[in-house]
Amino acid sequence: MAIRNIVILTGAGVSAESGVPTFRGPDGLWEGHRVQDVATPEAFARNPVLVQRFYDERRAALGRVEPNAAHRALARLDAEWPGALLLVTQNVDDLHERAGSTRLLHMHGELKRALCTGCGAAPAWEGDLSGNPPCPRCAAAALRPDIVWFGEMPYHMDAIGAAIDAADLFVSIGTSGAVYPAAGFVDWARSAGALTLEINLEPSAGTPLFDSARHGPAGVLVPAWVAELLG
Ligand code: APR
């Protein structure tokens, strides 16, 4: 089958070699916190200062990391692939765009964006939110990180669904397959008739669902795969 339409899903593993910690490390903690203490609306309601500081630190840390060979290879594919291509990332870092990807959707939000809890504005944001800066649009309500927390609806699901329905090839890179709806994209893509490939450091929960899998570091495997695809 000739491949024309490609959907790529990335997770924390694509940024691991840049020095951004993944979520489900061996200790089960994310930067020393239980995920439910920092990544739920309930946690934010209970302890907004802790949650704002946590994301302020993650946002500031982006200034100390750089895109790696996997991000750069995906940006090259974006620039050179003549067919349709959509890169869907679960990551809230900005490394795909800094590498040059443009056909990109952040389904779990972005560290470098704030979200007004009153008017819904989502302004680009570089600094801290813990000092309770006013919303630049309504000046009335509090800003929170524009991050999709557990229990909230991921962004861009209509556009992602349309791209998967039209996909000839679905590739999942650096994700454990533990969090839905992203973990269900492989089944969806297969039902839509796409070939499916997993690229991950190690077998994931979803490995048996893919037509093929390549296991090793994304910084090595992704540039090799892109080079094959571009011939
Ligand atoms: N190259 C490729 N894969 C890697 C690398 C690497 N260098 N390092 C780690 N991995 C793999 C791990 O083996 C693991 O399977 O990346 C995966 C990362 O999994 P998670 O930490 O669970 O991250 P992710 O799948 O992106 O999490 C999904 O969970 O908490 C939420 O909203 C958050 O978007 C996140 C979602």
Side-chain angles (χ1 to χ4, degrees), residues 7-44 51 54-55 58-59 61-62 65-74 87-96 99 104-113 115 144-157 160 170-187 196-210 212-226:
V7 175
I8 301 160
L9 172 71
T10 62
V14 82
S15 295
E17 288 157 73
S18 293
V20 181
T22 58
F23 295 91
R24 291 172 185 80
D27 57 3
L29 295 180
W30 181 26
E31 306 254 332
H33 295 271
R34 297 185 312 161
V35 165
Q36 58 268 38
D37 290 338
V38 288
T40 64
E42 294 76 21
F44 185 58
V51 173
F54 179 79
Y55 286 97
R58 307 279 79 70
R59 194 178 305 105
L62 294 183
V65 297
E66 295 292 334
N68 65 52
H71 299 106
R72 288 194 297 272
L74 292 173
L87 175 55
V88 178
T89 188
Q90 299 170 88
N91 298 343
V92 296
D93 66 50
D94 60 352
L95 295 176
H96 282 306
L104 165 71
L105 293 175
H106 280 274
M107 67 178 289
H108 290 167
E110 298 169 62
L111 280 168
K112 290 211 173 161
R113 213 166 269 289
L115 176 65
R144 55 166 272 186
D146 191 13
I147 302 288
V148 177
W149 285 325
F150 283 93
E152 297 182 323
M153 181 63 76
Y155 291 152
H156 312 297
M157 285 304 294
I160 294 167
F170 172 80
V171 186
S172 169
I173 302 172
T175 176
S176 60
V179 173
Y180 284 82
F185 289 172
V186 55
D187 264 336
T196 56
L197 166 67
E198 172 179 76
I199 298 177
N200 203 52
L201 187 60
E202 60 204 356
S204 75
T207 301
L209 304 171
F210 289 84
S212 57
R214 301 179 183 189
H215 294 135
V220 175
L221 295 187
V222 176
W225 169 70
V226 167

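Remember, it's a predicted structure, so these values are computed and weren't measured experimentally. Remember, it's 1-based here, ligands and their atoms both numbered in the order they're listed. Numbers for residues simply follow the sequence, beginning at 1.
- Checked by atom type, the side-chain pair D146/Y55 shows no donor-acceptor distance below 3.5 Å.
- Considering both main-chain and side-chain atoms, A218 comes within under 3.5 Å of ligand 1 through a nitrogen or oxygen pair.
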Exercise for review: Could you walk me through whether H71 and V14 pass the side-chain contact (heavy atoms from CB on, under 4.5 Å) test, one step at a time?
Suggested key: CA-CA 7 Å; H71 299 106; V14 82; 3.9 Å; yes
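- Heavy-atom contacts of P217 reach the following atoms of ligand 1: 1 (N) (cutoff under 4.0 Å).
- Residue N91 places no N or O, backbone or side chain, under 3.5 Å from any N or O of ligand 1.
- Under a 4.0 Å criterion applied to the non-hydrogen atoms of A12, ligand 1 contributes the atoms 23 (O), 24 (P), 26 (O).
- The distance from atom CZ of F185 to atom CE of M107, rounded to the nearest 0.5 Å, is 4.0 Å.
- Checked by distance only, ligand 1 and E202 come closer than 3.5 Å through their nitrogen or oxygen atoms.
- Summarising the contacts of atom 24 (P) of ligand 1 with T175, I173, L221, T10, the nearest heavy atom is found in T175.
- In summary, the atoms of ligand 1 found under 4.0 Å from a heavy atom of G174, numbered by their order in the structure, are 3 (N), 16 (O), 17 (C), 18 (C).
- Note on ring orientation: taking the six-membered ring where Trp is involved, the planes of F210 and F170 are parallel (angle under 30°, cut-offs 30° and 60°).
- Using a non-hydrogen distance threshold of 4.0 Å, F150 registers as a contact of ligand 1.
- In this structure, R58 forms a cation-pi arrangement with F54, its terminal cationic atom sitting closer than 6.0 Å to the ring centre and no more than 45° off the ring axis.
- Considering only residues two or more places apart in sequence or on other chains, H106 meets the ring-ring contact (aromatic ring centres under 6.0 Å, His included) condition with none of them.
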